[in-house]
Amino acid sequence: MDDETTNDRAARGNGEQRPGKELVVVDRDRVGELVALLVAEDTDAQSRARLLTRITAALAHSLQTAKARSVASGRWLAAVFAEEIAPRIPIRDQETLIQHHRGLSGDDLADALERVAVNVTTAVGTVGGALAAVQFTAPPTLLTAPVQLLAETLVIAAVEVKLIGELHEAYGVPASGTPLRRTSSYLASWTQRRALRPGRGVPSLTATMGTAARTALRNRLMRLLGRQMTTLGPYLTGAVAGGTLNRRGTRALARTVRRELRAAAAAGAAPAGGTIVPPYPA
């Protein structure tokens with residue numbers, strides 16, 4: 001598929017130097033597709049770097065039309081994740097995971113899933129942290145943060161939601177319902193940093209509490225973005241900090257969820273319940 005725009009072709013024909021050959025404008029509704037490709041287990045490091053650049057360009061384009069108040073409050077960030085990214089996160093079932101990881105199951109399979117997720121978020125943090133040489137005259141806010149940090153935040157969230165979903169599958173206690181319902185349940189699990197309760201819904205994210213659900217997701221993303229902003233430092237210190245913080249964060253999340261899932265699996269729990277997370281309008 002040719003993603004080069006008419007303006008890009010015109011600029012190239014006029015000899016105009018575009019700021020980054022990979023920075024091709026992409027509509028917001030393509031963000032989900034790009035993130036899904038980036039978080040796939042078989043995507044190599046070079047491809048991930050290119051995809052992160054394209055996601056950054058898409059978000060920059062979307063920011064131009066978003067309302068400043070929506071951006072500053074985090075509603076825009078939550079809307080992009082809930083509407084464009086979460087429904088496209090590729091969460092594999094237990095059979096597919098076992099086959100892909102050559103017969104591994106239980107804790108061994110969970111170890112492999114955790115290792116892959118940690119490696120991806122570490123790599124993404126290193127790339128995003130490389131922007132740390134940017135100088136600010138005031139502390140950065142969501143409105144002034146480099147767009148690549150916003151892209152990094154959304155990608156890390158997607159990797160971790162995928163990890164949570166596949167850990168539930170690996171331990172034999174997946175969420176119930178349709179694929180969309182299961183993904184929504186895993187999104188709720190990520191928001192709360194807890195495994196889903198076997199056979200039960202997620203009380204604080206029920207359909208009757210749409211405002212609470214929106215606020216919970218927005219706050220979770222904003223805290224993650226705040227963590228990424230701490231990587232803004234001189235030279236390569238930001239890259240090192242970004243990779244380290246992401247590695248620790250993803251690993252800590254995995255360990256907490258795995259401990260709860262291991263207990264549920266040992267108790268012979270039924271598939272976990274969950275609720276549909278409602279849309280998040282910008």
Side-chain angles (χ1 to χ4, degrees), residues 35-36 39-42 81-82 85-121 155-209 212-213 216-217 220-221 224 246-278:
V35 172
V39 303
E41 195 166 311
D42 56 354
F81 190 75
I85 297 175
R88 296 176 175 84
I89 296 175
I91 298 174
R92 295 164 293 183
D93 60 25
Q94 186 183 64
E95 182 180 355
T96 302
L97 288 170
I98 292 175
Q99 182 177 5
H100 183 84
H101 289 276
R102 300 183 179 182
L104 294 180
S105 61
D107 274 332
D108 291 335
L109 177 56
D111 284 341
L113 295 174
E114 178 184 330
R115 183 168 56 251
V116 170
V118 167
N119 288 343
V120 174
T121 58
V155 169
I156 292 168
V159 171
E160 292 185 348
V161 171
K162 174 181 171 66
L163 171 62
I164 283 180
E166 294 186 345
L167 286 175
H168 279 78
E169 293 284 346
Y171 283 106
V173 283
S176 59
T178 64
L180 177 59
R181 185 181 182 86
R182 291 196 298 273
T183 298
S184 297
S185 297
Y186 297 139
L187 176 56
S189 176
W190 177 79
T191 300
Q192 296 185 326
R193 298 180 62 85
R194 298 288 302 274
L196 292 171
R197 295 183 180 182
R200 298 180 58 183
V202 186
S204 65
L205 287 173
T206 59
T208 58
M209 295 177 65
L217 176 61
R220 180 78 166 87
L221 287 168
L224 181 56
N246 287 348
R247 180 172 63 253
R248 290 176 179 172
T250 301
R251 181 169 290 154
L253 174 66
R255 297 295 164 84
T256 297
V257 172
R258 287 183 63 181
R259 183 169 58 251
E260 296 177 354
L261 289 174
R262 193 179 295 115
T275 57
I276 293 293
V277 177

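Atom CZ of R255 sits about 11.0 Å away from atom CG of L167, to the nearest 0.5 Å. The distance from the OG1 atom of T183 to the NZ atom of K162 is 10.5 Å, given to the nearest 0.5 Å. How far CZ of R251 is from CG of N246: 12.0 Å, rounded to the nearest 0.5 Å. Taken from CZ in R182 to CD1 in I89, the straight-line distance is 13.5 Å, to the nearest 0.5 Å. Note that CG of L187 and CG of L180 are 10.5 Å apart. Values are rounded to the nearest 0.5 Å. A distance of 10.0 Å separates CG in L253 from OG1 in T121, rounded to the nearest 0.5 Å.
Scored by the side chain to side chain contact (heavy atoms under 4.5 Å, CB included) test, S105 finds I98 as partners (sequence neighbours excluded).
Minimum heavy-atom separation, L217 to A82: CD2-CB, 4.0 Å. In plain terms, the two heavy atoms of L104 and A112 that are nearest each other are CD1-CB, 4.2 Å. Contact record, H101 with L113: NE2-CD2, 3.8 Å, taken as the closest heavy-atom pair. The two residues V39 and P90 have their closest heavy-atom pair at CG2-CD, 3.8 Å. Closest approach of V173 to L261, counting heavy atoms only: CG2-CD2, 3.4 Å. The two residues A157 and F81 have their closest heavy-atom pair at CB-CE1, 3.6 Å.
Salt bridge E160/R220: present, at least one basic N to carboxylate O contact under 4.0 Å. A salt bridge links R258 with E114: at least one charged nitrogen is closer than 4.0 Å to a carboxylate oxygen. A salt bridge links E41 with R92; the closest basic N to acidic carboxylate O contact falls under 4.0 Å.
In this structure, the side chains of P174 and Q94 stay at 4.5 Å or more apart for every pair of heavy atoms. A heavy-atom distance below 4.5 Å is found between the side chains of L163 and T250. At least one side-chain heavy atom of H168 sits less than 4.5 Å from a side-chain heavy atom of L196. Between R262 and D107 there is a side-chain heavy-atom pair separated by less than 4.5 Å. Residues V161 and I164 are not in side-chain contact: their nearest non-hydrogen atoms beyond the backbone lie 4.5 Å or more apart. Residues W190 and S185 form no side-chain contact, since every pair of their non-hydrogen atoms from C-beta on lies 4.5 Å or further apart. Side-chain contact check for E166 versus Y171: every heavy-atom pair is 4.5 Å or farther apart.
Residue-environment remark: CZ (R194) stays at or below the threshold of 12 foreign heavy atoms within 6.0 Å.
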